[in-house]
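The next block holds one structure in the form of structure tokens; read it before the comments.
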Amino acid sequence: GISVIQGILLDRDGTINVERRDYVRSTRELVLLPGALAGLVRLATLNVPILVVTNQSCVGRGIISQCELDEIHAELAASVRKAGGRIDGFYACTHHPDAGCSCRKPRPGLLQQAMTDHNLHASECIMVGDSLSDCSAAGAAGCRCILVCTGLQGEMLASKLPAVTDRAGAPSSMYAQDRFSGEPQIAQSLWHASRLILEQAYRTERGRHVA
């Protein structure tokens, strides 16, 4: 059966904002992806926490400070709020990749921390990311996963998009069925992912009313 959606976990770079190979180092370099704001506004209509879980080794590498990262996140939260959406929390792994921490995706530590803080059951959370490491982290944490094609792995993911899309370019409902097989669903962007999530949420609601 379809489980209820209790929480939404979002990757940042490549999912909400344009990913830069040399890192987002300031608020000036924070460029939101097309449809990301609209997707966040749509997700905010669900009464569930929306949490960003992001690897930011640029802090551990000494490229930016924790304070600068906090500024970038404050700016992102403010932009989203201004548009009518919300981000309810930021979880960043700032360790250097060689640190061997348990929070850097593809490890599940960061997701588990976010879910523990908000009292969420993993099986009822959806992770939206743009890379296979997001998918691995979601799988290890026990969450469902949707991968968007707006990050650096986008072309490879886009080749896996289902051929059947409706006129608005979202995967057809047939594809949006809930398959908790550990296989991620693939969506073109956060806007399309938000549509899949709402479709799933409302299908669950309808099922509940019937019962």
Side-chain angles (χ1 to χ4, degrees), residues 7-46 49-61 63-95 97 103-106 110-111 114 125-138 143 145-158 161 169-170 184-197:
I8 295 162
L9 305 171
L10 298 174
D11 170 56
R12 197 195 83 182
D13 300 322
T15 302
I16 298 174
N17 58 273
V18 175
E19 184 158 4
R20 297 171 62 101
R21 290 186 189 276
D22 60 345
Y23 306 103
V24 173
R25 299 166 186 235
S26 68
T27 52
R28 277 193 315 280
E29 293 183 350
L30 183 73
V31 179
L32 298 194
L33 285 157
L37 269 184
L40 283 163
V41 169
R42 179 190 263 163
L43 290 174
T45 62
L46 295 173
I50 298 169
L51 308 168
V52 169
V53 287
T54 175
N55 288 350
Q56 293 296 329
S57 68
C58 47
V59 176
R61 293 172 196 268
I63 294 168
I64 66 170
S65 66
Q66 178 66 53
C67 183
E68 287 167 313
L69 179 64
D70 293 343
E71 259 171 45
I72 290 167
H73 287 165
E75 173 74 21
L76 175 55
S79 307
V80 172
R81 210 165 37 241
K82 204 165 148 194
R86 61 188 159 80
I87 292 173
D88 300 307
F90 287 90
Y91 292 82
C93 167
T94 55
H95 299 111
C103 50
R104 184 176 166 81
K105 297 178 291 184
L110 206 57
L111 284 68
C125 292
I126 296 183
M127 168 85 203
V128 184
D130 70 314
S131 74
L132 297 177
S133 90
D134 291 319
C135 186
S136 302
C143 305
C145 184
I146 298 176
L147 290 181
V148 293
C149 302
T150 41
L152 299 178
Q153 295 179 18
E155 275 180 39
M156 179 268 294
L157 292 171
L161 264 174
Q185 287 177 273
I186 310 242
Q188 284 167 315
S189 66
L190 184 52
W191 164 249
H192 294 95
S194 71
R195 183 167 163 172
L196 287 181
I197 291 169

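This chain uses plain numbering: 1 for the first residue, then up along the sequence. Keep in mind the model is a prediction, meaning the values are calculated, not measured.
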Does any N or O in the side chain of [X] come within less than 3.5 Å of the main-chain N or O of [Y], such that one atom is a donor and the other an acceptor?
X      : Y      : result
Arg42  : Trp191 : yes
Thr150 : Gly14  : yes
Asp88  : Leu51  : no
Gln153 : Leu132 : yes
Arg28  : Arg25  : no

Quick check: do [X] and [Y] have side-chain heavy atoms less than 4.5 Å from each other?
X      : Y      : answer
Met127 : Ile8   : no
Cys149 : Ile186 : yes
Asn17  : Arg12  : yes
Lys82  : Ser79  : no
Ile87  : Leu10  : no
Ile16  : Leu32  : yes
Glu29  : Val18  : no

What are the two closest non-hydrogen atoms of [X] and [Y], and how far apart are they?
X      : Y      : answer
Pro97  : Arg61  : CG-NH2, 3.1 Å
Ala44  : Gly85  : CB-CA, 3.9 Å
Arg104 : Ser57  : NH1-CB, 3.6 Å
Cys93  : Leu110 : N-CD2, 3.7 Å
Val59  : Ser65  : CG2-O, 4.1 Å
Leu69  : Ala92  : CD2-CB, 3.9 Å

If you measure from [atom1] on [X] to [atom2] on [Y], what distance do you get to the nearest 0.5 Å?
X      : Y      : atom1 : atom2 : result
Leu40  : Arg81  : CG    : CZ    : 12.5 Å
Leu157 : Cys135 : CG    : SG    : 9.0 Å
Gln56  : Thr94  : CD    : OG1   : 9.0 Å
His95  : Asn55  : NE2   : CG    : 11.0 Å
Leu147 : Gln188 : CG    : CD    : 14.0 Å
Leu111 : Lys105 : CG    : NZ    : 7.0 Å

Side chain to side chain contact (heavy atoms under 4.5 Å, CB included) test vs Phe90 passes for just one of Thr54, Val52, Asp70, namely Val52

Pick one: which of Leu9, Val148, Leu43, Leu196 meets side chain to side chain contact (heavy atoms under 4.5 Å, CB included) with Val128? Val148

Hits for salt bridge (charged side-chain N to carboxylate O under 4.0 Å, His left out) against Glu68, two or more places apart or cross-chain, chain-then-number order -> none

Test Cys103 against Tyr91 for side-chain contact (heavy atoms from CB on, under 4.5 Å), laying out the working first. CA-CA 10 Å; Cys103 50; Tyr91 292 82; over 6 Å; no

Derivation of the side-chain contact (heavy atoms from CB on, under 4.5 Å) call for Asp134 and Asp130: CA-CA 7 Å; Asp134 291 319; Asp130 70 314; 3.3 Å; yes

Taking only Lys NZ, Arg NE, NH1 and NH2, and the carboxylate oxygens of Asp or Glu, determine whether Asp13 and Arg20 approach each other closer than 4.0 Å. no

Using the side-chain contact (heavy atoms from CB on, under 4.5 Å) rule, take Val80 and Leu37 through it: C-alpha gap first, then chi angles, then the decisive distance, then the call. CA-CA 6 Å; Val80 172; Leu37 269 184; 3.9 Å; yes

